Amino acid sequence: MPRPPAGWVQRLAGGDEPERPWPDVILDRLRSAILDGAAPPGSAIPVDGVAEAFTVSRIPVREALIRLVGEGLVDHQPRAGYTVARLTRDELSQFYAVREALEAAALTVAVRFAGPDDDAEATAAHAALSGAIAAGDARGHHRESRRFHLALTAPSRMHRLLHMFEAAWNITEPLQPMSHVSPPQTGELHGDHRVMLDAFLARDVDGLVAASAQHYRRLQDIVDALPGTAGLR
């Protein structure tokens, strides 16, 4: 079983802990570590190690892990313990298809309700994404890409749909697929982002949905070509 990256468990408890129940704090820290790629798919999550990092008992750690199992981010086997969830290639492809459908539905409505503040956030998110790509920051690429797509969909105010969209995004994120993408492919994907932003700002719903569909076709091609070292099972 793959070992967790050195130090990632100890870094979970950094900083002042907010005045919230420990299971919620631990849940947020573990989720963030998984989504940011600090704990790749297949990594063991030692209950005792996490409890020691937070100076708590095993009980709140297990509560947090059970919730992450429910979110699809963690797997649990009675003898093997807890590990960061892994996906098959088919499962990853299916979740990208789910993301595409949910995003298209949200974009269609978002264009109708978007205002100047939404335009500013989408533009800022695109700029931050461009910066991460230019710096060769793979984790930043994922983080800012998520921010950009959420900025385009958030004006829909379809809160249940957006929750499902984020949940589907979370399941694909631990694999960090953009770290396996070539510079030309990255350029094509980010070109889609530029077209999407321009269509969003112009309130061109047909152009926005078409650009999103093109973007997801490229993503599916990337999924099909991911190497065996990408954390798939």
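Note: hydrogens, waters and symmetry copies are ignored here, and every other heavy atom, side chains too, is used. For clarity, every value in this text was computed on a predicted model and none was experimentally measured.
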Out of curiosity, does Leu150 fall in the hydrophobic cluster containing Met158 (side-chain heavy atoms, cut-off under 4.5 Å, transitive links)?
yes

Assess the side chains of Gln220 and Arg217: does a donor N or O sit below 3.5 Å from an acceptor N or O?
no

How close do Ile34 and Pro174 get, heavy atom to heavy atom, and via which atoms?
CG2-CG, 3.5 Å

How far apart are the C-alpha atoms of His76 and Leu65, what are their side-chain angles, what is the distance that settles it, and do they pass the side-chain contact (heavy atoms from CB on, under 4.5 Å) test?
CA-CA 9 Å; His76 178 249; Leu65 287 169; over 6 Å; no

Sequence neighbours excluded, which residues qualify as side-chain contact (heavy atoms from CB on, under 4.5 Å) partners of Ala199?
Asp204, Leu208

Test side-chain hydrogen bond (donor to acceptor under 3.5 Å, both in side chains) applied to Ser57 - qualifying residues, sequence neighbours left out
none

Do Tyr96 and Val209 belong to the same hydrophobic cluster, where Ile, Leu, Val, Met, Phe, Trp and Tyr are linked whenever their side-chain heavy atoms lie under 4.5 Å apart, directly or via other members?
no

Which heavy atom in Ala85 sits nearest to a heavy atom in Gly72, and how many Å separate them?
CB-O, 3.4 Å

Mind checking side-chain hydrogen bond (donor to acceptor under 3.5 Å, both in side chains) for Asp24 and listing every partner two or more places apart, or none if nothing turns up?
Arg67

Applying salt bridge (Lys or Arg N to Asp or Glu O under 4.0 Å) as the test, list every pair that has at least one member in residues 98-115; sequence neighbours left out.
none

Nearest 0.5 angstrom please: Ser130 OG to Leu197 CG, how far?
9.0 Å

Closer than 3.5 angstrom, by distance alone: can the side chain of Ser43 be matched with the main-chain N or O of Pro40 as a donor-acceptor pair?
yes

With a 4.5 Å cut-off on side-chain heavy atoms, are Ile66 and Tyr82 touching?
yes

In short, Pro155 meets Ala110 closest at the heavy-atom pair CB-O, 3.7 Å

Closest heavy-atom contact between Leu161 and Ala105?
CD1-CB, 3.8 Å

Heavy-atom side-chain contact between Pro46 and Glu52 under 4.5 Å:
no

Salt-bridge criterion met for Asp198 and Arg194 (N-O under 4.0 Å)
yes

Taking only residues two or more places apart in sequence, or in another chain, which ones meet Thr55 in a side-chain contact (heavy atoms from CB on, under 4.5 Å)?
none

Please list all pairs passing the salt bridge (Lys or Arg N to Asp or Glu O under 4.0 Å) test where one or both residues lie in residues 138-151, with sequence neighbours left out.
Asp36-Arg143, Glu121-Arg147, Glu144-Arg147, Arg146-Glu166

Distance (rounded to the nearest 0.5 Å) between Leu175 CG and Phe95 CZ
11.0 Å

Sequence neighbours excluded, which residues qualify as side-chain hydrogen bond (donor to acceptor under 3.5 Å, both in side chains) partners of Arg58?
Asp48

So, using ring pair (Phe, Tyr, Trp, His ring centres under 6.0 Å) as the criterion, who are the partners of His163 when residues are at least two apart?
none

Nearest 0.5 Å, what's the CZ-CD1 distance between Arg218 and Ile222?
9.0 Å

State which residues pass side-chain contact (heavy atoms from CB on, under 4.5 Å) with Leu162; sequence neighbours excluded, sorted by chain then number.
Ala106, Thr153, Ser156

Between Arg31 and Asp28, does at least one N-O distance fall below 4.0 Å, as a salt bridge requires?
yes

Does His142 reach the main-chain N or O of Met178 with its side chain, forming a donor-acceptor pair under 3.5 Å?
yes

side-chain contact (heavy atoms from CB on, under 4.5 Å) with Ile45: of Val74, Val61, Leu68, only one passes, and it is Val74

Same apolar cluster: Ile59 and Val9, side chain cutoff 4.5 Å
no

Under the side-chain contact (heavy atoms from CB on, under 4.5 Å) rule, what do Leu35 and Trp169 come out as? Steps first, then yes or no, please.
CA-CA 10 Å; Leu35 295 182; Trp169 193 296; over 6 Å; no

Report the distance from atom CG of Asp75 to atom CG of Leu87, rounding to the nearest 0.5 Å.
8.5 Å

Interatomic distance, CG@Leu102 vs CG@Leu107, rounded to 0.5 Å, equals 10.5 Å

Joint cluster assignment, Val223 & Leu189, ILVMFWY side-chain distance < 4.5 Å
yes

Val98 vs Ile171, side-chain contact (heavy atoms from CB on, under 4.5 Å): CA-CA, chis, key distance, verdict
CA-CA 11 Å; Val98 170; Ile171 291 174; over 6 Å; no

What are the two closest heavy atoms between Ala44 and Thr83, and how far apart are they?
CA-CG2, 4.1 Å

Measure the CG-NE2 distance between Leu129 and His149 for me, rounded to the nearest 0.5 Å.
7.5 Å

Listed by chain and number, what are the side-chain contact (heavy atoms from CB on, under 4.5 Å) partners of Ala33, not counting sequence neighbours?
Trp8, Leu12, Ala38

Backbone N/O of Arg89 and side chain of Ser93: donor-acceptor pair under 3.5 Å:
no

Flag the pair Leu27 / Glu71 as yes when at least one side-chain heavy-atom distance between them is below 4.5 Å, and no otherwise.
yes

Could you pull out all residues at least two apart from His141 that satisfy ring pair (Phe, Tyr, Trp, His ring centres under 6.0 Å)?
none

Lys/Arg cation over aromatic Phe200: Arg203, 6.0 Å, 45° cone:
yes

Within residues 102-134 or reaching into it, pairs that qualify as ring pair (Phe, Tyr, Trp, His ring centres under 6.0 Å) - sequence neighbours excluded
His126-Phe148, His126-His190

Could you state whether Val47 and Phe54 fall into the same hydrophobic cluster, counting links through intermediate Ile, Leu, Val, Met, Phe, Trp or Tyr residues with side-chain heavy atoms under 4.5 angstrom apart?
yes

Could you tell me whether the side chain of Thr123 reaches within less than 4.5 Å of the side chain of Leu201, counting heavy atoms only?
yes

